[in-house]
Amino acid sequence: IRNIFGGNFGGPIKKDRAFFFLDFDGRRDSQEVSVVQTVPTATMRQGMIRYNDVNGGVTTLSPTDIATMDPLGIGPSAVSMAYFQTFPLPNDTSVGDGLNYSGFRFPGRVRRRFDTYLGRFDFNANSNGNQRLFFRGNLQPYDYDSGAPFLPGIPQTANEDFTKGFAVGYTNVISPTLINTLTWGWTRQSHAILGSSNLPWIYMRGLSQGVSRSSGFTLTDNNIVDNLNWQKGTHALSFGVYLDYIRNPRKSLNNSFSDCIANGSWTADAGFAGTGDSL
């Protein structure tokens, strides 16, 4: 679903001297996409580990079996079990290993919001129009893309933009053959990807966890332009100055937190019974 709307109006503030114009444009997008994530199976949520044995069957290690194999006798982590309970039960077999991980598919809503505000003011400083001023402002705050959620109601990232800018100009008709135009423009482009976490994280290989970090930049551009145009007989001469000052600071949290990963594949050489592997 896409809705586009807007409007504008303008007119004189003072006859032949001052004028204004305002404009707004909006757009709203809403769609659903099929999202599938890898989640713990019902047995994994209970602290059981399942694997294929050499006889073509499936062996299940209970929490007691795992505790017996654990040198510390702890067995399945209570914290991990609580974390697994936060996931929905699987409903799709297209992803995962089918033993400890499987899929959860759902319709994910994606929303986009675009707004544009534009305003302009023109002023004739004298009655003959030899000196003219203008101001133009542009504002574009929008939620560019909320992205598909990690799980229903749980966003993973969002793109935000707060770009804005304005320009001020002065035109002086010094004589019928000599015109000077001075303009100053300022633009601030601000964009950010908002992540879902600002904490250290333990990743589990093969499990969808929806962890993302925030990053962004703010680019500012100050621009000054002065043009002098001179008509001398059949010749047209132009002189000008162009100054541009740009700053582009950036920030990212991608490397700001400690992370580690637990890899279930490392258990392949653990000597589980019936796998044909030795310690």
Side-chain angles (χ1 to χ4, degrees), residues 1-13 18-33 35 108-123 132-150 153-171 180-199 210-227 240-257:
I1 300 175
R2 175 173 294 169
N3 295 307
I4 300 175
F5 53 93
N8 57 68
F9 68 98
I13 300 174
F19 310 87
F20 78 97
F21 176 80
L22 300 173
D23 177 83
F24 169 77
D25 291 289
R27 171 178 153 184
R28 303 291 185 270
D29 294 354
S30 179
Q31 69 180 109
E32 285 190 346
V33 296
V35 181
R109 186 182 181 187
V110 178
R111 296 185 298 172
R112 299 181 181 90
R113 173 176 175 166
F114 303 85
D115 289 328
T116 300
Y117 303 87
L118 179 66
R120 180 176 174 114
F121 172 77
D122 290 274
F123 177 67
R132 299 188 298 270
L133 296 167
F134 83 86
F135 170 85
R136 183 186 70 248
N138 190 355
L139 177 64
Q140 289 182 297
Y142 57 80
D143 301 323
Y144 177 70
D145 189 346
S146 63
F150 165 59
I154 304 177
Q156 184 164 341
T157 60
N159 289 320
E160 299 282 347
D161 202 296
F162 299 98
T163 297
K164 62 188 70 175
F166 67 82
V168 178
Y170 169 68
T171 299
N180 187 78
T181 302
L182 175 64
T183 304
W184 172 43
W186 178 83
T187 302
R188 181 181 185 271
Q189 184 182 5
S190 177
H191 182 81
I193 299 175
L194 305 181
S196 61
S197 177
N198 60 354
L199 298 172
V211 180
S212 59
R213 309 295 190 189
S214 298
S215 61
F217 69 90
T218 301
L219 188 152
T220 57
D221 184 358
N222 277 280
N223 179 252
I224 299 176
V225 179
D226 186 79
N227 289 317
V241 175
Y242 182 96
L243 300 175
D244 205 10
Y245 177 64
I246 299 175
R247 296 186 70 251
N248 188 13
R250 295 171 177 264
K251 62 180 180 180
S252 174
L253 300 182
N254 289 326
N255 299 312
S256 299
F257 303 95

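What you see is a predicted model; the values in this text were computed from it and never measured.
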Exercise for review: Please name all residues satisfying side-chain contact (heavy atoms from CB on, under 4.5 Å) with Ala192, sequence neighbours left out, ordered by chain then number.
Suggested key: Leu194
Study note, to complete from the structure: What one should report as the nearest heavy-atom pair of Ser197 and Leu199 is OG-N, 3.2 Å
Check your understanding: What residue among Phe166, Phe162, Phe24 forms ring pair (Phe, Tyr, Trp, His ring centres under 6.0 Å) with Tyr117?
Key -> Phe24
**Study point:** Side-chain donor-acceptor contact under 3.5 Å, Asn227 with Tyr242
**Key:** no
**Study point:** Residues which pass side-chain contact (heavy atoms from CB on, under 4.5 Å) with Tyr170, listed by chain and number, not counting sequence neighbours
**Key:** Gln131, Leu133, Asn172
Point to revise | Spacing of CG belonging to Asp244 relative to CG belonging to Asn222, to within rounding of 0.5 Å | key: 8.5 Å
**Study point:** Non-hydrogen side-chain atoms of Asn159 and Asp161 separated by less than 4.5 Å
**Key:** no
**Study point:** Residue pairs, two or more places apart or on separate chains, that pass salt bridge (Lys or Arg N to Asp or Glu O under 4.0 Å) and touch residues 211-225
**Key:** Arg213-Asp259
Point to revise | Any side-chain heavy-atom pair of His191 and Thr163 under 4.5 Å | key: no
Review point. Checking side-chain hydrogen bond (donor to acceptor under 3.5 Å, both in side chains) against Asp115, which of Gln140, Arg28, Arg27 comes through?
Key: Arg28
Practice item. Kindly say whether Gly195 contributes a backbone atom to a donor-acceptor pair with the side chain of Ser214 at under 3.5 angstrom? Key: yes
Review point. Can you name the side-chain contact (heavy atoms from CB on, under 4.5 Å) partners of Asn248, sequence neighbours left out?
Key: Phe217, Leu219, Arg250
Study note, to complete from the structure: Taken to the nearest 0.5 Å, the spacing of Phe121 CZ from Phe21 CZ works out to 15.5 Å
Check your understanding: Nearest 0.5 Å, what's the CZ-CZ distance between Phe123 and Phe134?
Key -> 15.0 Å
Exercise for review: Just jot down the side-chain contact (heavy atoms from CB on, under 4.5 Å) partners of Arg188, sequence neighbours excluded, or say none.
Suggested key: Lys164, Trp186, Ser190, Thr218, Thr220
Study note, to complete from the structure: d(Ile224 CD1, Leu182 CG) to nearest 0.5 Å is 7.5 Å
Practice item. Enter the distance from Ile193:CD1 to Leu253:CG here, rounded to the nearest 0.5 Å. Key: 11.5 Å
Exercise for review: Please determine, by modelled atom types, if Arg112 and Gln31 share a side-chain donor-acceptor pair under 3.5 angstrom.
Suggested key: yes
Study note, to complete from the structure: Across all chains, not counting sequence neighbours, the salt bridge (Lys or Arg N to Asp or Glu O under 4.0 Å) partners of Asp25 are none
Point to revise | Phe135 side, atom CZ; Phe20 side, atom CZ - distance, nearest 0.5 Å | key: 15.0 Å
